[in-house]
Q: 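Below is the structure I would like to discuss, written out as structure tokens.
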Protein chains: 2
Amino acid sequence: MTGRLPHTLRSDARDNRELILDAARAVFAAEGLNAPMREVARRAGVGPATLYRHFPTKEALAAEAFREQMGACLTIAEEGLADPDPWRGFRLVIERICELHAHDRGFTTAFMTAFPNAMDFAAVREETLRTIAELARRAKDAGALRPDFVLDDLILLIMANCGIQAASPAARVAASRRFAALAIQALQASPRHAPLPPAARLAPVPPHTTVRPTRHHPGTLAGKTS
Amino acid sequence: MTGRLPHTLRSDARDNRELILDAARAVFAAEGLNAPMREVARRAGVGPATLYRHFPTKEALAAEAFREQMGACLTIAEEGLADPDPWRGFRLVIERICELHAHDRGFTTAFMTAFPNAMDFAAVREETLRTIAELARRAKDAGALRPDFVLDDLILLIMANCGIQAASPAARVAASRRFAALAIQALQASPRHAPLPPAARLAPVPPHTTVRPTRHHPGTLAGKTS
DNA sequence: ACCTAAACGGACGGGGGCGTCCGGCTAGCG
DNA sequence: CGCTAGCCGGACGCCCCCGTCCGTTTAGGT
């Protein structure tokens, strides 16, 4: 719905739009959401003005660029829910979501912050979380998932997964895989497990997660950084 | 050793040095290592030149500002090692290190990156890791820590802990506490645990990986400003 | 009280990212 | 084939941050 653009769009404009989206995906994946818009434009081989005309804000660009991954996220959750064994489904969800997030740096923060202006973005996010919540309920009922698991723990793990850095993308994915395995074993129900400290409300998170806002200069426009 | 400054330092210079260090600790804790040097200077109530004269590079400033925490880190490791029960010592180390890192945003990245130029910084880091490695060995021998644990897993967890964000510092600490508890249970030796995927070499990480500056744009990613 | 060396901080030039304007180009219709 | 509306991208002004220079202030010894 968002992109109900009239196909009365001139052909070159159409082409550029795709070029920009491809470039954005590549740049955001490699450098994160805080990458300069300029960089995306350069990579797409267009001028900055063209980029800004197509996507007036970075938020709009990111929302459009990550629409696919957002959908993938939901698909993963649904596939997990479809698994006859809820615990296996749950594990799969953890593993695949971690991998997805390890692949590009930008998507995680996009997912976590869930820009308020990109409505359907947040909607898919909520739908994904709701699906996983249902899956978690079943896994608990099956006695496989620890009963004190809450949805915020999932957010916690995704955030944590996002903190993992490495020299190469490959190393990051590998590390992320190991992390997911550890997380799963921590979430597995077990009589040996001591009770956990209380969960903290986490999401959604103010953007400074990635971006540093404060520049207390009275009067001037606020500055932000990441 | 590092700070063998002649106490033939003028009194105002001495005072300013302390003011700067206090400001740096506060700013780095609140905003992270990427905070502008200017901000530290403002907070300390000195001019930029003064700051640069005392600490020619941000690295030098951070190394000095975090010396205390760095020492605390090592102390934690040593106390863990001193515990007669190695597994309890290990758990304590995890919990306390996570808490320490949750408290200020800057220290984690400082610890992870371990600036190559700040020699003794890296030295303490290595010493800390070595101590924990020994503790881990004992905990494994006691049959409490899973045998496939490697030191990189600790790095992994610290990095992950660093990814945790929340609205308030208090919430972050709470989340971090829960995370630590989960991590400990994942690392606990258990016959139920499946083998883990291979560990990946992680540290140290180039500093720019962590964050990158961006500017604020009204109505877009920036959630709030003062 | 004075004098000097040391320390201070305001100010400067450079660099980079941001968002926008405008003159030139081209797609695509008549 | 020619025209026009729509699109493009170079260039601009803005702001913030960085690191350094230099005229001014001040500590502290005589």
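The chains referred to below are lettered A, B, ... by the order of the sequence lines, with proteins before strands, and numbering in each begins at 1.
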Q: Verify whether one side chain among B:Arg25 and B:Gln69 offers a donor that lies under 3.5 Å from an acceptor in the other.
A: no

Q: State which of C:dG9, D:dC7, D:dT20 makes the closest approach to the side chain of B:Val46.
A: C:dG9

Q: Provide, to the nearest angstrom, the distance between the CE atom belonging to B:Met37 and the C1' atom belonging to D:dC18.
A: 9 Å

Q: Is B:His54 close enough to C:dA7 that one of its side-chain N or O atoms is under 4.0 Å from OP1 or OP2 there?
A: no

Q: Please report, rounded to the nearest Å, how far the C1' atom of D:dG9 is from the CG atom of A:Leu19.
A: 14 Å

Q: Given atom CD of A:Glu59 and atom P of C:dC18, what is their separation to the nearest angstrom?
A: 15 Å

Q: Assess whether a salt bridge exists between A:Arg17 and A:Glu64, defined as any Lys/Arg side-chain N lying under 4.0 Å from an Asp/Glu carboxylate O.
A: yes

Q: Any side-chain N or O of A:Arg10 less than 4.0 Å from the OP1 or OP2 oxygen of C:dG28?
A: no

Q: So A:Ala13, base contact, sugar-phosphate only, or nothing? Heavy-atom distance under 4.0 Å.
A: sugar-phosphate

Q: D:dT20, C:dA27, C:dC18: which one has an atom nearest the side-chain heavy atoms of B:Pro48?
A: D:dT20

Q: Where does the angle between the aromatic ring planes of A:Phe66 and A:Phe107 fall among parallel (under 30°), tilted (30 to 60°) and perpendicular (over 60°)?
A: tilted

Q: Please determine whether a side-chain nitrogen of the Lys or Arg among A:Arg177 and A:Glu95 lies less than 4.0 Å from a carboxylate oxygen of the Asp or Glu.
A: no

Q: B:Phe55 has an atom CZ; how far is it from atom P of D:dT20, in whole Å?
A: 16 Å

Q: List the steps and the verdict of salt bridge (Lys or Arg N to Asp or Glu O under 4.0 Å) for A:Glu99 and A:Arg96.
A: CA-CA 5 Å; A:Glu99 178 159 356; A:Arg96 294 178 64 189; over 6 Å; no

Q: Under 4.0 Å from OP1 or OP2 of D:dC8: is there any side-chain N or O of A:Asn16 that close?
A: yes

Q: Report yes or no: is there a donor-acceptor pair, N or O only, under 3.5 Å between the side chain of A:Arg53 and the base of D:dG6?
A: no

Q: Assign each of A:Arg42 and A:Ala49 to its nearest nucleotide of DNA chain C by heavy atoms, then name whichever residue's nucleotide is nearer the 5' end.
A: A:Arg42

Q: Starting the side chain at C-beta, find the nucleotide from C:dT20, D:dC17, C:dG10 nearest to A:Tyr52.
A: C:dT20

Q: Across the strands shown, which category fits B:Ser11 at heavy-atom distances under 4.0 angstrom: base, sugar-phosphate, nothing?
A: sugar-phosphate

Q: Can you check the B:Asn34 CG to D:dC16 C1' distance for me, whole Å?
A: 14 Å

Q: May I have the distance from B:Arg38 (atom CZ) to C:dG10 (atom P), rounded to whole angstrom?
A: 10 Å

Q: How many whole angstroms separate atom CG of A:Asp15 from atom P of D:dC8?
A: 9 Å

Q: Could you state the atom-to-atom distance from CG of B:Asp12 to P of D:dT24 in whole Å?
A: 19 Å

